Amino acid sequence: MEYKITRDTLQNNLLYDTLEALSRVMKGLQLDVYVVGALARDIAMEILKMPPSPRRTVDLDVAIALKDWSQFDLLKKHLLGNHFIKGKPKQRFYYKGAAGNNDYEIDIVPFGELEADEKVAWPPEGNPEMSVKCFKDVMSIADTVIIDDAITIKMAPLSGQFLIKFDTWLDRHLLTDKDVADMLYIMDNFYLAYVSFKQPIPNEVQDTSENFDLLTGGARWIACEMRDFLTKEHLRFYTDQLQEQIELDESSPLINSMSSRYSGSGAHQIVRNALIGMVEVLKKGESDEDR
């Protein structure tokens with residue numbers, strides 16, 4: 001899908017200037033800019049005309065498909081020659097602007113042919129190591145967003161954003177569980193957002209019990225999209241990971257973290273039921289592929 005928005009949608013002129021400069025560098029290197037993280041979520045919700053997340057973004061996360069680390073070094077050279085400076089973390093840059101009046105933080109996560117075992121290990125020590133397991137799957141169905149007819153970016157749809165957050169949570173939840181808030185926000189708003197956007201409701205989402213709620217509806221709809229873009233191997237992997245959390249029940253770090261953020265009584269069971277619905281849909285995708 002292709003969407004057109006204005007710079008006013010971003011509600012941040014410094015962010016617009018950063019995207020414009022980054023896009024210009026990437027275009028010169030014939031690379032696509034894949035926006036991920038909180039900005040992708042915020043843009044998607046603006047397009048779908050949904051209330052913004054309480055966690056508005058203050059930085060920019062992008063993914064770049066690269067052949068090898070020498071291509072990343074070339075990208076870094078071009079960024080440093082266009083008013084970007086390097087931050088201390090290996091993925092971190094800051095855009096200062098031609099007049100030095102900007103200081104926007106950017107994290108660049110490479111994926112693609114330079115991956116090893118579906119992870120990115122930053123040279124020379126191989127540290128930090130980040131999972132990019134789902135990136136190729138998600139970016140293959142990325143939407144195109146054009147800002148003011150001047151900047152073109154690629155952006156994961158909401159279901160892909162949920163999966164990236166889940167993959168990140170699997171990778172680092174022992175250190176931080178901040179990804180849970182974004183996962184829950186996407187699940188809780190997905191159903192109404194897509195219905196309001198006149199998207200046809202999948203049969204697996206319509207065919208629910210009298211216990212249907214928006215969180216379960218969103219979870220099942222996300223799963224319908226995930227099973228369409230995930231490889232068979234990845235479909236089974238993420239299904240198993242979610243099933244493990246369901247079986248852990250009251251000992252599940254994912255369910256406990258989500259339910260602590262979910263308002264209303266019976267939050268634990270509501271969240272668990274939503275994940276059960278998600279797994280049911282994903283497993284149906286597995287069984288269809290095995291026929």
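All figures in this text were calculated on a predicted structure; none of them were measured in a lab.
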Same cluster for I153 and L14 if Ile/Leu/Val/Met/Phe/Trp/Tyr side chains link at under 4.5 Å?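 Both belong to a single hydrophobic cluster.
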L248 and Y262: same hydrophobic cluster, using ILVMFWY side-chain contacts below 4.5 Å?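 No, L248 and Y262 fall in different hydrophobic clusters.
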Any idea which heavy atoms bring [X] and [Y] closest together, and the distance?
X	Y	answer
G97	N102	N-CB, 4.1 Å
I64	D32	CD1-O, 3.6 Å
A156	Q161	O-NE2, 2.8 Å
I141	P157	CD1-CG, 3.2 Å
F229	G160	CZ-CA, 4.0 Å
P110	W69	CG-CH2, 3.8 Å

Ion pair K133/D167, N-O distance below 4.0 Å: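 Not counted as a salt bridge, because no side-chain N and carboxylate O are separated by less than 4.0 Å.
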Name the atoms and distances for all side-chain donor-acceptor pairs under 3.5 Å in residues 192-201, with sequence neighbours left out.
unit_1: S196; atom_1: OG; unit_2: L192; atom_2: O; d: 2.7
unit_1: Q199; atom_1: NE2; unit_2: F197; atom_2: O; d: 3.4

Name the atoms and distances for all side-chain donor-acceptor pairs under 3.5 Å in residues 143-151, with sequence neighbours left out.
unit_1: D143; atom_1: OD1; unit_2: M1; atom_2: N; d: 3.4
unit_1: T144; atom_1: OG1; unit_2: K154; atom_2: NZ; d: 3.1
unit_1: D148; atom_1: OD1; unit_2: R7; atom_2: N; d: 3.4
unit_1: D149; atom_1: OD1; unit_2: K4; atom_2: NZ; d: 3.4

Side chain [X], main chain [Y], donor-acceptor under 3.5 Å:
X	Y	value
D188	L184	no
N256	E250	yes
S259	I255	yes
S23	E20	no
E204	V281	no

Which other residues belong to the hydrophobic cluster containing I85, where Ile, Leu, Val, Met, Phe, Trp and Tyr are joined when side-chain heavy atoms lie under 4.5 Å apart, directly or via other members?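 Y94, listed by chain and number.
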According to the interplanar angle, ranging from 0 to 90°, do the rings of W169 and H173 count as parallel (below 30°), tilted (30 to 60°) or perpendicular (above 60°)?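 Answer is parallel, since the angle falls under 30°.
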Just say parallel, tilted or perpendicular for the rings of W122 and F72, cut-offs at 30° and 60°.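 Plane angle over 60°, so perpendicular.
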Which residues pass the side chain to side chain contact (heavy atoms under 4.5 Å, CB included) test with [X], sequence neighbours left out?
X	result
A65	F111
D171	K119, S131
V279	T239, L242, Q243, I246, K283

Residue pairs involving [range] (criterion salt bridge (charged side-chain N to carboxylate O under 4.0 Å, His left out); sequence neighbours excluded):
range	value
residues 86-97	K90-E125, R92-E105, R92-D107, K96-D103
residues 259-269	D177-R261
residues 68-85	none

Can you check side chain to side chain contact (heavy atoms under 4.5 Å, CB included) on L163 and L230, steps first, answer last? CA-CA 10 Å; L163 185 61; L230 282 173; 3.5 Å; yes
With the side chain counted from C-beta on, respond yes when [X] and [Y] share a heavy-atom pair under 4.5 Å apart, and no when they do not.
X	Y	result
L29	L74	yes
L10	L19	yes
C134	E118	no
L79	L22	yes
I222	L158	no
H78	M26	no
I43	M155	yes

Between [atom1] on residue [X] and [atom2] on residue [Y], distance to nearest 0.5 Å:
X	Y	atom1	atom2	value
M45	N189	CE	CG	4.5 Å
L282	L235	CG	CG	6.0 Å
F93	I106	CZ	CD1	8.5 Å

Would L66 and L31 satisfy side chain to side chain contact (heavy atoms under 4.5 Å, CB included), going step by step from the backbone distance to the final call? CA-CA 8 Å; L66 298 175; L31 295 171; 4.0 Å; yes
Residues in side-chain hydrogen bond (donor to acceptor under 3.5 Å, both in side chains) contact with R24, at least two apart in sequence or another chain: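 Result, side-chain hydrogen bond (donor to acceptor under 3.5 Å, both in side chains) vs R24: none returned.
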Q241: partners by side-chain hydrogen bond (donor to acceptor under 3.5 Å, both in side chains), with sequence neighbours left out: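 In terms of side-chain hydrogen bond (donor to acceptor under 3.5 Å, both in side chains), with neighbours along the sequence ignored, Q241 is linked to no residue.
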ring-ring contact (aromatic ring centres under 6.0 Å, His included) partners of Y95, counting only residues at least two apart: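 Applying ring-ring contact (aromatic ring centres under 6.0 Å, His included) to Y95 gives F84.
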